[in-house]
Amino acid sequence: MKKYIFEIIQPGAEGQIASRIFDAVIMSLIFLSVVSVFAMTFSLSDGVAGFLMRVEDGSLIVFSAEYLLRIWTADLLYPDCGPVKSRLKYMISGMAVIDLISILPCFLPMIFPANLVSVRAFRLVRLLRIFKMNRYSDALLSIREVFRRKLHEILASIFVVFILLVIASLLIYYAEHDAQPEQFANAFSGLWWAVATLTTVGYGDIYPVTVMGRTIGAMIAILGIGMVAVPTGILSAGFVEFLEKKSRNSAEDGNEPPRYCPHCGKKL
């Protein structure tokens, strides 16, 4: 029975009808749950609000049962670990933490008064349920795998952008502070301007008026075109490499493309 349940709650492959149905149900509940969070911000009739609350209660029961079943079958997911260690290993995994955080706020009104603003705001964490879809979609698993492989390159490019932002914020502060002491009161004001300029957003709430400040602004804007595009290029190259490798593996095996573990990303 445990093995049968384990095979159902794991992402289903072709031919696994029960697992595919389970995946579809979970993804539908995730979608409805996220929609209800947005819908609750509108003025709704009592009937619609009651329906959304019933959907939320039903999804809470299903997600809680799914979380407990995944803990129960964790020894099959990690057969090399013992019964206790395998369950602890699963509970601290990324997807398990998302599962727990997404259902935990729904139980807070049972512990704290429901009219507390902080409790109601904390329930917005339910939006994390959308990340559960990563477990049930091959396309999302591919995206996560590409991010995992290119993580170091992406972090390096982000670090370079951060250094550029810090330098730009200090330069614009010293160039504009005397001319606009209220707009560029400190380096943080310069950092806000640098972010808006480097990303080519250009809100226009603060802008340089001195010759030196405008020169710095022009340089930052030009650099921003290239620097912001670096992570995009890294991810594009990562997707090309991933798809080529996936095609090679599929051709060598002579059957369907390889599947990857939804928890560690390793090839199954």
Side-chain angles (χ1 to χ4, degrees), residues 30-31 33-42 94 98 101-102 105 117-118 120-134 137 139-243:
I30 293 171
F31 176 77
S33 180
V34 174
V35 169
S36 69
V37 172
F38 280 89
M40 286 297 185
T41 62
F42 295 88
I98 291 177
I101 295 177
S102 64
V117 177
S118 59
R120 293 201 302 270
F122 190 65
R123 294 186 69 181
L124 290 176
V125 180
R126 292 176 297 172
L127 286 174
L128 286 176
R129 288 175 184 169
I130 198 170
F131 290 105
K132 286 164 60 68
M133 296 181 71
N134 181 59
S137 172
L140 292 176
L141 286 174
S142 299
I143 293 175
R144 192 183 73 171
E145 177 65 14
V146 171
F147 270 92
R148 187 186 68 82
R149 293 183 179 184
K150 296 296 181 179
L151 181 61
H152 295 293
E153 291 89 339
I154 294 174
L155 291 178
S157 64
I158 292 176
F159 179 74
V160 173
V161 172
F162 176 75
I163 295 299
L164 183 59
L165 286 173
V166 173
I167 294 174
S169 64
L170 293 174
L171 290 177
I172 199 67
Y173 167 75
Y174 287 115
E176 293 291 325
H177 175 68
D178 293 337
Q180 303 183 80
E182 294 182 358
Q183 297 291 340
F184 293 90
N186 47 50
F188 184 77
S189 301
L191 184 61
W192 167 249
W193 169 87
V195 171
T197 303
L198 190 66
T199 56
T200 67
V201 173
Y203 287 115
D205 51 346
I206 55 175
Y207 52 88
V209 296
T210 65
V211 175
M212 181 60 69
R214 289 179 176 178
T215 302
I216 295 173
M219 294 173 60
I220 295 301
I222 294 173
L223 288 174
I225 297 174
M227 294 304 301
V228 175
V230 170
T232 305
I234 293 174
L235 290 176
S236 299
F239 278 111
V240 172
E241 295 174 3
F242 178 80
L243 293 175

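We number each residue from 1, following the sequence as shown.
There is a side-chain donor-acceptor pair under 3.5 Å between T210 and E176.
Minimum heavy-atom separation, F184 to H177: O-ND1, 2.9 Å. For the residue pair M212 and A175, the shortest heavy atom distance occurs at CG-CB, 3.9 Å. Here the shortest heavy-atom pairing between A179 and V209 reads CB-CG2, 4.2 Å.
Going from atom CZ of R149 over to atom CZ of F239 covers 11.5 Å, rounded to the nearest 0.5 Å. The CG atom of L171 lies 8.0 Å from the OG atom of S169; values are rounded to the nearest 0.5 Å. Here the straight-line distance linking atom OG1 of T232 with atom CD1 of I154 works out to 9.5 Å at 0.5 Å rounding. The OG atom of S157 sits 4.0 Å away from the CD1 atom of I234 when rounded to the nearest 0.5 Å. Taking CD1 from I167 and CG from L170, the interatomic distance works out to 8.0 Å, rounded to the nearest 0.5 Å. With values rounded to the nearest 0.5 angstrom, Q180 atom CD is found 8.5 Å from I172 atom CD1.
Remark: A39 pairs with L44, L52 by the side chain to side chain contact (heavy atoms under 4.5 Å, CB included) rule, at least two apart or across chains. Checked against side chain to side chain contact (heavy atoms under 4.5 Å, CB included), T215 has the following partners two or more places apart in sequence or in another chain: V211, M219. Considering only residues two or more places apart in sequence or on other chains, L198 meets the side chain to side chain contact (heavy atoms under 4.5 Å, CB included) condition with V161, L164, L165, I220.
Among pairs with a residue in residues 200-221, those fulfilling ring-ring contact (aromatic ring centres under 6.0 Å, His included) read W192-Y203, at least two apart in sequence or across chains. Among residue pairs with one or both ends in residues 143-170, none qualify as ring-ring contact (aromatic ring centres under 6.0 Å, His included); sequence neighbours excluded. Pairs of residues two or more places apart, or lying in two chains, that qualify as salt bridge (charged side-chain N to carboxylate O under 4.0 Å, His left out) and include a residue from residues 215-242 are K150-E241.
Contact check for P208 versus I216: no side-chain heavy atoms found under the 4.5 Å cut-off.
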